[in-house]
Amino acid sequence: MTQFGKGCHLHLIDGSAFIFRAYHALPPLTRKSDGLPIGAVSGFCNMLQKYVEDNAGPDAPTHVAVIFDKGSHTFRNDLYDQYKANREAMPEDLRPQIPLTRDATRAFNIACIEKEGFEADDIIATLARQAREAGGAVTIVSSDKDLMQLVGDGVVMLDAMKNKIIDRDGVFEKFGVWPDRVVDVQALAGDSVDNVPGAPGIGIKTAALLISEYGDLQTLLDQADTVKQPKRRQTLIEKRDQIELSRRLVQLDDQMTMDDVTLDDLEVREPDADTLLAFLTDMEFRTLTKRIAISLNAEAPAIPQTAPQAATTEEAPDLPPIDPAAYVWIKTADDLTPFIAQAHQRGWVAVDTETTGLNEMTCDLVGVSLAIEPGQACYIPLIHRATATDDLFGNDDLAEGQMPLDDALALLKPLLEDPSVIKIGQNMKYDAKVLSRYGIGITPIDDTMLMSYAMHAGLHGHGMDTLSDRYLSHTPIPIKSLLGSGKSMITFDRVPIENAVKYAAEDADITLRLWMLFKPQLHRARVTRVYEGLERPLVPVLADMERAGVQVDRETLSRMSNAFSQKMAQLEDEIHELAGEKFNVGSPKQLGEILFDKMSLPGGKKGKTGAYATGADVLEDLATEHDLPGRVLDWRQISKLKSTYTDALQGHINPDTGRVHTSYSIAGASTGRLASTDPNLQNIPVRSEEGRRIREAFVAPQGRALVSLDYSQIELRILAHMADISALKQAFRDGLDIHAMTASEMFNVPMDEMTPDIRRQAKAINFGVIYGISGFGLARNLRIPRSEAQGFIDRYFERFPGIKTYMADTTAFAKEHKRVETLFGRVIHTPEISASGPRAGFAKRAAINAPIQGTAADIIRRAMIRMPQAIAGIPATMLLQVHDELIFEVDTGAEDDLIATAKRVMEGAAEPVVKLDVPLVVDAGKGRNWAEAH
DNA sequence: TGATTCACG
DNA sequence: GACGTACGTGAATCAG
């Protein structure tokens, strides 16, 4: 063994870069024998092997190590809590591969270095310094620009993919300064990937210019008042703290204490053929095993041929049939432990919870089912009752053959919370919410409903019955057959356990089979990023929001209900008086007969069911003829407010929390929007004065306030970007009133002569464009002749020809591919696009609207996913989402802090994946209730 | 259960 | 030439 010193050459390989490159470059391979994801490991081994082959010549290194990141919290997070906060979560199928890449490195007999709480870059910096001080040369195998500050003085970088050396000149080419000033440039330019703020408005080019002129960052900041450009000067002076913070973030730490590793430990060693080949064989890499066996002059061990588990075609894989008789009833801890052990070993388990109801906030956990292999599933009954009802004396005994609830949960908790075991479920938000009330934080999760949503939105629903029917050709046991329906319906805890086992375990079995089918399809459908980045991470965020709920004041609602009752009774009397007879004002059928048959008012049109139409637009037209229609409109408005809001909302106040807990469906709307149910809190009135007062009942508790932030004109901004309309984009950049600007363009009216009416018409056209405009629709909306509306549209297309092109391109794309996409890759299928008749019109307009509405939905999803981390230091809770608005509750005094932070997250939510040509603007409000905050 | 109506973005 | 239309949702109500 030689002492590291002069003549030695150390190679430091950036392991994380290898892993991510391998993961993204390769399709999602799985180990054939058991389905373990191994695509990244395979790519990693190939890259290591290629590296070894490429570096065997006279320049071969004498010492080598692969360096990995370990842990997510580093000293940089202590400096700046937003450091790397933009990072998307590690894909679920990559996580189990991380330890395997360490194993692979060791199998190649290469030193493998990681240190808790340190980034690989700092370890590399430290080892490089040590090697230089000992007189050796260093090559850093990476193309990461963050490492370029280390280049020079015997240190070079090697881009292993391009096999290209990056030396001082290469760094100068990239940064415009020599390596010793790279951190200064990075500190100014910032980095959106790592979320290093830098100086706003200054990029690498400007930064390099400034640094070259002033020599270094310190001098530049000290003499910032001499910078000629006023904007730069102002930024440098005002953002000095932020820039200095950025410098500390990008500066690598080369003074780490590496007490357990010395350079001498890194000496190049020949791989041990048996060890390496055993590892590769175990991974079942056939080609690579053979290739390496040849290079090592060794015999390649045989890899047993096993039947492929997940089929590569669309056919269902060859699996045991679904057989409810084969499922296991777990009665004791001894029955359960083997299942749990197997789940740990496998790295995944399908989970389903059974409860006494559908409301996760109030129902009780009745049992849990698990599935580990197709056909191999069990059910753990927990509180099933012995009889169908309690007896006359109120006795209600538990059934035999159940584990005590606490014992079962104590055994399950470590499994459900184990970060190395994926918990698979269908609509996991439900199970996560139920389990969280029992002190279990289930993680990490995979969700078959969301996988289907990512792949099949627009094609069909994503409930388990639909998916099982379609993709497994199996109809699950209907829940009705166990619970009955209507008045005699029972709760799940009254279902005899032998029946419950069949039903519940089947659900877990089906979920597991769907997962095995869908998981490899995500990559092929090119929606892995959508699923991993927009669907899966939203589950815990929404679960927390729903559990938090919003405080609603029953007194306020009840007072309003009473007032509405009186007003309705009064209006009813007037209506009956005007009609000359009593009838049910709430019955469109009776109303139609009164209006058109008895009173013979004009415009009576019957729909396909033979009933007169009595919608608001019809009644508004009739209001000029008679007093009655107007009264009915008033009555309807109040009736709506009372029944749907002031009355129904009171019934949704949870008695335990005093708050209303909505439920968001993630996979409901085809465009990517959320939908709110039980109750729907996305349609609380705001447009009418009376309706808006209902928002006064949504309050913050004592000592807190509500804060609302909403995107301004987000869909029009997205349209301007996607259709690339320079006039609209410029208007948004200039912060103009977009509807007034449109009106000015279309009607040749100067902005300072704009009237509200002209602006209103332009606004209607702008909205019409988003919805897939038609002359008829615009005419009806604006109540103008159809020919005039068509004239507006023609003129609009003349002024903004890009819009017409965009619409034509979008429909052509939809026709060709039977789908459209958002800027973030969300896929919305449009199967009806080639239909004939009126359905074609619907499909076409939907296809035009979906990418715009969907992109807006993607953006706010991204903001919501980042929000919990971003506001972690503020005493605030995110409560509600209303498509382009987020509502928070916050301690009084911290409102402005929250607004600043949440605004930053929302306005930057598209980045770094999409760089919009228009700014996103968020407006904010605060108050004691929602009416004040909005 | 389906149609109608109307609340929201 | 006629069809029928703005896009996306959920809830309450009536009527069969």
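Below, chains carry the letters A, B, ... as their sequence lines are ordered, and counting in each starts from 1.
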**Q** Consider the side chain of A:Val686, meaning its heavy atoms from C-beta on, and name the nucleotide among B:dC8, C:dG8, C:dA15 that approaches it most closely.
**A**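 The listed nucleotide nearest to A:Val686's side chain is B:dC8.
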**Q** Of the nucleotides C:dT5, C:dG10, C:dA12, which one has an atom closest to the side chain of A:Phe776?
**A** C:dT5
**Q** Side chain of A:Arg636, heavy atoms from C-beta onward: which of C:dT5, C:dA12, B:dC6 has the nearest atom to it?
**A** B:dC6
**Q** Given C:dC3, is OP1 or OP2 found less than 4.0 Å from the side-chain N or O atoms of A:Arg839?
**A**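 Indeed not, no polar side-chain atom of A:Arg839 lies that close.
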**Q** So what does A:Ser774 touch, heavy atoms closer than 4.0 Å: a base, only the sugar-phosphate, or nothing?
**A**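 Answer is base: heavy atoms of A:Ser774 come under 4.0 Å of a base.
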**Q** Could you check how far NE2 of A:His652 sits from C1' of C:dA12, rounded to whole Å?
**A** 11 Å
**Q** Between C:dC7, C:dA15, C:dG10, spot the one nearest the side chain of A:Lys640, thanks.
**A** C:dG10
**Q** When you check the phosphate oxygens OP1 and OP2 of C:dT5, does a side-chain N or O of A:Arg845 lie under 4.0 Å from one of them?
**A** no
**Q** Remember a base hit wins even if backbone is also touched, and classify A:Asn584 as base, sugar-phosphate or nothing at under 4.0 Å, heavy atoms.
**A** sugar-phosphate
**Q** Given B:dT5, is OP1 or OP2 found less than 4.0 Å from the side-chain N or O atoms of A:Thr614?
**A**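 Yes, because at least one side-chain N or O of A:Thr614 sits under 4.0 Å from OP1 or OP2 of B:dT5.
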**Q** Is A:Arg780 near enough to C:dA6 that one of its side-chain N or O atoms lies under 4.0 angstrom from OP1 or OP2?
**A** yes
**Q** Taking atom P in both B:dC6 and C:dG4, what distance in whole Å separates the two?
**A** 22 Å
**Q** Which part of the nucleic acid, if any, lies within contact of A:Gly841, taking any heavy atom under 4.0 Å across all strands shown: a base, the sugar-phosphate backbone alone, or nothing?
**A** nothing
**Q** Can you find a pair of side-chain heavy atoms, one from A:Leu674 and one from A:Arg861, that are under 4.5 Å apart?
**A** yes
**Q** Looking at B:dT4, C:dA6, B:dA7, which one has an atom nearest to any side-chain atom of A:Pro588?
**A** B:dT4
**Q** Are A:Arg659 and A:Glu889 ion-paired here, with the side-chain N under 4.0 Å from a carboxylate O?
**A**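 Judged by the 4.0 Å cut-off on N to carboxylate O distance, A:Arg659 and A:Glu889 do form a salt bridge.
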**Q** Any side-chain heavy atom of A:Phe747 sitting closer than 4.5 Å to one from A:Gln761?
**A** yes
**Q** Specify whether A:Phe596 and A:Tyr612 have parallel, tilted or perpendicular ring planes, treating 30° as the upper limit for parallel and 60° as the lower limit for perpendicular.
**A**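 Taking A:Tyr612 first and then A:Phe596, their aromatic rings sit tilted (interplane angle of 30° to 60°).
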